[in-house]
Amino acid sequence: MRLEALVRTAVGEVLSSWSVPTSVAIPVERPARPEHGDLSTRVAFALSRLRDAPPPQVAAELAAALASREEFQSVEAAGGFVNCFFRPGAVHAVLRQALADGARYGHGEEGRGRTVQVEFVSSNPTGPLTIGHLRQAALGDVVASLYSELGWRCVREYYLNDEGRQMELLAQSLWARYRQVLGAAEPIPEGGYHGDYLAAIGEELAGAWGDAYPVWDEVARARFRDAAVTRMMEMIHEDLDAIGVRFDVWTKEGELHRRGLVQEALEELKKRNAVYEKDGALWLASTAHGLARDPVLVRSDGTPTYTLVDIAYHLDKVRRGFDLVVDVQGADHVDEQRQVQLALKLLGVREGFLRYCLHQFVTLKGERGIQRMSTRAGRFLRLKDLVAEVGRDVARYFMVMRKPGSHLVFDYDLARNTSMENPVYYVQYAHTRIASVFREAEKVGAVPADLPGVDLSPLDDRRELDMIKELDRFPEVVRSAAHEFAPHHLCEYLEGLSGLFHPYYAHVRVLGQGPATPARLALLAGVKLVLGRGLAILGVSAPEAM
RNA sequence: GCGCCCGUAGCUCAGAGGAUAGAGCGCUGGCCUGCGGAGCCAGAGGUCGCAGGUUCAAAUCCUGCCGGGCGUACCA
């Protein structure tokens, strides 16, 4: 980021001496091939018309004007590209700054004074969390952490659907299990929940309550519903603890009803003429605004739908004063998302207030085979059990190492592999190795007291400079990962940095190398700092020893 | 049928207008007794699903097909 700014500034100064308007963007990129420089710009292509000269000529003129600057070793024109090679001193300055910044390195200011709410998981309390929820849990948690890095205040929120038909079915399913334990041939209701976890709870309740609820009446309904929700929440908390996700706020659907927000949202929509009646139900007029279908807001029996409650909930988020709301949801929610976005727009909520982080589903590969999971059918891998097998670090990392919009195949065998073939260990082990070097250095008193003040000029090896240039990218990686909801960029970055470090470590000795030793220790400290910070954002531990 | 997402190395995936398309795993070959070793180096492997189009420049943008996922509920 710092190096990019150097190029941008240098090019900008030349352009302004050429009286090029400042509106001309200066694209700066990292060439794929080292012979194309540390950084390059293709601004000459855009300038070609303005300067009335072919791109190669403009590039040559620009390169000539830049070559004399002290930060560059050399600047070359190649076709329309201008390739910049930095002097080692300019690169060293990046490391020095990173070490001086310490834990603040990469921390941004854009969110200062602003609050983002990230809503995720929000699974119905109808069963424990599964590997399917894991992707969302990890994704939401990391997106929140990324925004924190950018200086935003973050609220992690879980929306709890503790009302409605599904809860009814859950309660009745539990009651059926309870009856079965007591010897009745009570079937699980149609569309009910078949998981073993309800059988276990049913057995407990039978022991505690005996035959007190022989029929499915109002009393039983209330009793079993309470018991079911309480138990489900316990399980969900266990699962969240297992992967280290904590929520700041839990919002229950019931509260939205009690506070009159649902009714209010409906009234507001009616005022905007966005609601019409048909077949005894109330519908949102979405097709009039280009959507594929109109959703029902109030059923003909007078009960509100999920969509209406969802709209009410988001209206409440507006009132709560968040500057940005991010909802992490699965691909099955796209249609719903459009409806909510439309409703908010009709209600005058500013565009961009609500952004969705959409993710595709997870399939399992490995000894368990690829299988389709279903909580309802009782066919799933519980999150807690998965974490017990592969560990929290691997579970979290694997869930965010792919682009959210891509399907994710969870490679069970790779996840359980504890060698460096597993990317998580590959990154963690880089951190550990450095920690180990410092332990050794400590023993011989080789650790400099003032790392940022160390003379870095011995760092002249290509691999050393490459690592520092990689450190330079960290702030930008964090920024783009946050804005694009793309934590996988951070994973790839960490793997890439580790991939520079490991070979270096294998070939270059640090201790006992005279003046090179403090410089190399400073370099390693920088790498360790960034690896540690990156892993922390991912919620993955950065061990000092493994 | 319609809408959205996805088709890139054998596998899992990056790359979202720029230079010779990348990584990890797997495969092939070669190294490693010092410290701090859950090792290192090299190589093979691709008509970027197919066909058109736009552009000086397309994996990337547009159109149409083919294949997969999700949705298309008075479920949540």
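In this text the structure is predicted, and so the values were computed from the model without any measurement. Computation of the quantities below employed the complete heavy-atom set of this structure, encompassing side-chain atoms and omitting hydrogens, waters and symmetry-equivalent molecules. Letters A, B, ... mirror the listed sequences (proteins, then strands); counts begin at 1.
- With sequence neighbours excluded, no residue forms a ring pair (Phe, Tyr, Trp, His ring centres under 6.0 Å) with A:Tyr429.
- Near-neighbour residues of RNA chain B inside residues 482-491 of chain A, defined by a heavy atom below 4.0 Å, number-ordered: A:His488, A:His489.
- With 3.5 Å as the limit, one finds a donor-acceptor pair spanning the side chains of A:Gln57 and A:Glu61.
- For A:Asp335 against B:A73, a side-chain-to-base donor-acceptor contact under 3.5 Å is absent.
- Interface remark: the A:Thr305 side chain does not form any donor-acceptor pair with the B:C74 base, using a distance-only criterion of under 3.5 Å.
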Under 3.5 Å, which protein N or O atoms sit close to an N or O of nucleotides 5-8 of chain B? Give each pair with its distance.
from, atom 1, to, atom 2, distance (Å)
B:C5, O2', A:Gln360, NE2, 3.2
B:C5, O2', A:Gly405, O, 3.2

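- Atom P of B:G43 sits at a distance of 13 Å from the matching atom of B:G24, rounded to the whole Å.
- Consecutive pairing runs in RNA chain B reach the stem threshold at B:1-7 with B:66-72, B:10-13 with B:22-25, B:27-31 with B:39-43, B:49-53 with B:61-65, where a stem means at least three Watson-Crick or G-U wobble pairs with distances under 3.5 Å.
- For A:Tyr158 and A:Phe120, the distance between ring centers is not under 6.0 angstrom.
- Evaluation of atom-type donor-acceptor distances gives no pair under 3.5 Å for the side chain of A:Thr432 against the base of B:A38.
- The salt bridge (Lys or Arg N to Asp or Glu O under 4.0 Å) check on A:Arg402 picks up nothing, with sequence neighbours excluded.
- When the C1' atom is used for both B:C65 and B:G15, the distance is 26 Å, rounded to whole Å.
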| said: One character per nucleotide, please: for nucleotides 22-32 of chain B, 5' to 3', B when the base has a protein heavy atom closer than 4.0 Å, S when only the sugar-phosphate does, - otherwise. | reply: --SSS------

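- Contact annotation: the side chain of A:Glu255 never approaches that of A:Leu261 to less than 4.5 Å [non-hydrogen atoms, C-beta and beyond].
- Just one residue in the list A:His333, A:Gln337, A:His314 forms a side chain to side chain contact (heavy atoms under 4.5 Å, CB included) with A:Asp327, and that residue is A:His314.
- Remark: ring of A:His502 not stacked against base of B:G39; the cut-offs of centroid gap under 5.5 Å and plane tilt under 30° are not jointly satisfied.
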| Which is it for A:Phe86 and A:Phe72 under the ring pair (Phe, Tyr, Trp, His ring centres under 6.0 Å) test, yes or no, and what are the steps along the way? | CA-CA 4 Å; A:Phe86 289 102; A:Phe72 299 125; 5.5 Å; yes

